[in-house]
Amino acid sequence: QVQLVESGGGFVQAGGSLRLSCAASGSTFSTYAMGWFRQAPGKERESVAAIMWSGVTTYYADSVKGRFTINRDIAKNTVYLQMNNLKSEDTAVYYCAASQNVFAGLESNKYKYWGQGTQVTVSS
């Protein structure tokens, strides 16, 4: 049973930084894709970033390019989302997800496993 547990959310002022973590367990993730998605109140879920577990390829939504970085620690089975220069529009619940399709990229419908989410609030 794949389990994903996010942490690291919180409250930060605009221009600040946060690092989200997603601890994965229950499978061998070497052939998975891992993604971060977010959903703000009253809005649809949107893609943020994704990475092949091998680390060879990363994907970013245009809205976060140059500000967010996704990476993973194989030894810890953990995926991170480093978020810098945060803006009020980044406020949302952030979800970690895992896909057995290594090429899933930013397509959320290809992700089967989801964490419970962590709230990020950016104050302007």
Point to revise | Pair S17, N84: side-chain N/O donor-acceptor within cut-off below 3.5 Å | key: yes
What's the separation between atom [atom1] in [X] and atom [atom2] in [Y], rounded to the nearest 0.5 Å?
X    : Y   : atom1 : atom2 : answer
S30  : W53 : OG    : CH2   : 9.5 Å
E46  : Q39 : CD    : CD    : 9.5 Å
F103 : T31 : CZ    : OG1   : 10.5 Å
S108 : E44 : OG    : CD    : 9.5 Å
T121 : Q13 : OG1   : CD    : 12.5 Å
E6   : T78 : CD    : OG1   : 12.0 Å

Check your understanding: Counting only heavy atoms not in Q116, do more than 12 sit closer than 6.0 Å to its CD atom?
Key -> yes
Review point. If you take all heavy atoms of S123 and F11, which pair is closest and at what distance?
Key: CB-CZ, 3.4 Å
**Study point:** Heavy-atom closest contact (A61 atom, S47 atom, distance)
**Key:** CB-O, 3.3 Å
Residue pair [X] / [Y], side-chain heavy-atom distance below 4.5 Å:
X    : Y    : value
Y59  : E107 : no
L86  : F68  : yes
L81  : V48  : yes
V102 : M34  : no
W114 : L4   : no
K110 : Q100 : no
T118 : Y95  : no

Check your understanding: Mind checking what makes side-chain contact (heavy atoms from CB on, under 4.5 Å) contact with V120, not counting sequence neighbours?
Key -> L18, L20, M83, Y94, V122
Check your understanding: Would R19 count as a cation-pi partner of W36, with NZ or CZ less than 6.0 Å from the six-membered ring centre and within 45° of the ring normal?
Key -> no
Point to revise | salt bridge (Lys or Arg N to Asp or Glu O under 4.0 Å) between D62 and K65, intermediate numbers included | key: CA-CA 5 Å; D62 288 342; K65 280 181 182 177; 3.2 Å; yes
Exercise for review: Among N71, I70, D73, find the one that has a side chain to side chain contact (heavy atoms under 4.5 Å, CB included) with V79.
Suggested key: I70
Check your understanding: Which residues satisfy the ring-ring contact (aromatic ring centres under 6.0 Å, His included) test with Y32, sequence neighbours excluded?
Key -> F29
